[in-house]
Amino acid sequence: MISPSSPEPGKIRLRLPATSANLGPGFDAVAIALDFYLEIEAEPAAEFSIVATGRNADRCARLEDNLILEAYKRLLRAHQREIVPLAVKMHNQIPLGMGCGSSAAGRLAAIALANHFGQLGLSADAVLDEAYMLEGHPDNVAACWLGGFVAAICEGRRVYPVHVAPPQDWRAIVALPAEPLPTSVARSVLPASYWLQDVVQNLQSVSLLGLAFARGRGDLLRLAMQDKVHQPYRAAICPLLPLLLPLAGDHGILGASLSGAGPSVMVIVDNESSLPEAEAAIRQALSGVQSVELLLSRFISQGANDLSNPAGLLSEN
């Protein structure tokens, strides 16, 4: 327990970015941060409360079965800390269940809140490790925490990430279908084994993908984002994917892939001036699909931050 003489932590304000993982061949290994956010303001209170605005506000405001509150409480119990009730204000821009990293942002928010109000003293690396254990894979949490294009590997409970700043000119268009897709369903369609030649092609593609982002080689993305491990099997339950993959290489579109486990698809565009033509091509390709939303985004180099802290960065070591 915290000593009674310990000062009570004050208000904290968090901003955590959306992420897109896999990027084709980088299954459970790579992700990139996008410039729409989960923003949270929290302070100690007599009882838990949430005021939510933005996307999926009703779901975000639930006190029961709330991903952030449940993870917050669980972590405090695991560290034998008193559960501090919180008054939470939340503004969410990240679509839930759409493959844009909403669960990663929520779990990192929960850990940051527990670390702050429970005075756990977790380092930035330890926060990321905790998030990986909750999420089950490191890609989204690493990109949300660190920003930029991230590749990550795990050993036991530890995450070893490397991140680079993405090319400043590149833009993303995320195509969102009407209905979300649970990650568990998206994983259930994957096979238990793969052909050797498919595995080799993915290794070649993901190796090229990391270097293409690091060197700004947009001319390589069409090939570097080709995948044989998960996208062919998820296409049947992510119907936007087969419609948008053929656009890579035309209309300023460098590459396309499922965003995370889907059902959204992320299209990478070479620069701002190409966005109108790329958007028009996407809308034409999806002309027979009802209720598709297009989100335009930049790739960002900064990850989660604490807006109540002058230094800002949560993930700085």
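Grouped with Val51 in a hydrophobic cluster is no other residue, since no side-chain heavy-atom contact under 4.5 Å to another Ile, Leu, Val, Met, Phe, Trp or Tyr is found. In this structure, Trp195 stands alone, with no Ile, Leu, Val, Met, Phe, Trp or Tyr side-chain heavy atom under 4.5 Å from its own, directly or through other members.
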Review item, side-chain donor-acceptor pairs of residues 148-158, under 3.5 Å, at least two apart:
residue	atom	partner	partner atom	Å
Arg158	NE	Asp129	OD2	2.9

Report all side-chain donor-acceptor pairs from residues 249-257 shorter than 3.5 Å, counting only partners two or more places apart or in another chain.
residue	atom	partner	partner atom	Å
His251	ND1	Glu277	OE2	3.2

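The number of heavy-atom neighbours closer than 6.0 Å to NZ of Lys73, taken from other residues, nucleotides and ligands shown, is above 12. Heavy atoms of other residues, nucleotides or ligands lying less than 6.0 angstrom from CD of Gln168 number 12 at most. The neighbour count for Arg55 CZ, taken as heavy atoms of other residues, nucleotides or ligands under 6.0 Å away, is above 12.
Side-chain N or O atoms of Ser20 include none that pairs as donor or acceptor with a backbone N or O of Ser259 at under 3.5 Å. Under a 3.5 Å cut-off, the side chain of Ser205 and the backbone N or O of Asn202 do not form any donor-acceptor pair. Under a 3.5 Å cut-off, the side chain of Arg81 and the backbone N or O of Gly118 do form a donor-acceptor pair.
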Requested in this report: Let me see the working for Asp125 and Ser123 under side-chain hydrogen bond (donor to acceptor under 3.5 Å, both in side chains), right down to the final yes or no.
Outcome: CA-CA 5 Å; Asp125 290 343; Ser123 68; 5.2 Å; no
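Applying the salt bridge (Lys or Arg N to Asp or Glu O under 4.0 Å) rule to Arg171 yields the partners Glu272; only residues at least two apart in sequence or on another chain are considered. Residues satisfying the salt bridge (Lys or Arg N to Asp or Glu O under 4.0 Å) criterion with Glu41, sequence neighbours excluded, are Lys11, Arg13.
Of the residues listed (Val30, Leu258, Asp139), the one engaging Asn22 in a side-chain contact (heavy atoms from CB on, under 4.5 Å) is Asp139, and it is the only one.
One finds the CD1 atom of Ile32 at 6.5 Å from the CE atom of Met266 (value rounded to the nearest 0.5 Å). Atom OG1 in Thr19 sits 3.5 Å away from atom CG in Asn140 (nearest 0.5 Å).
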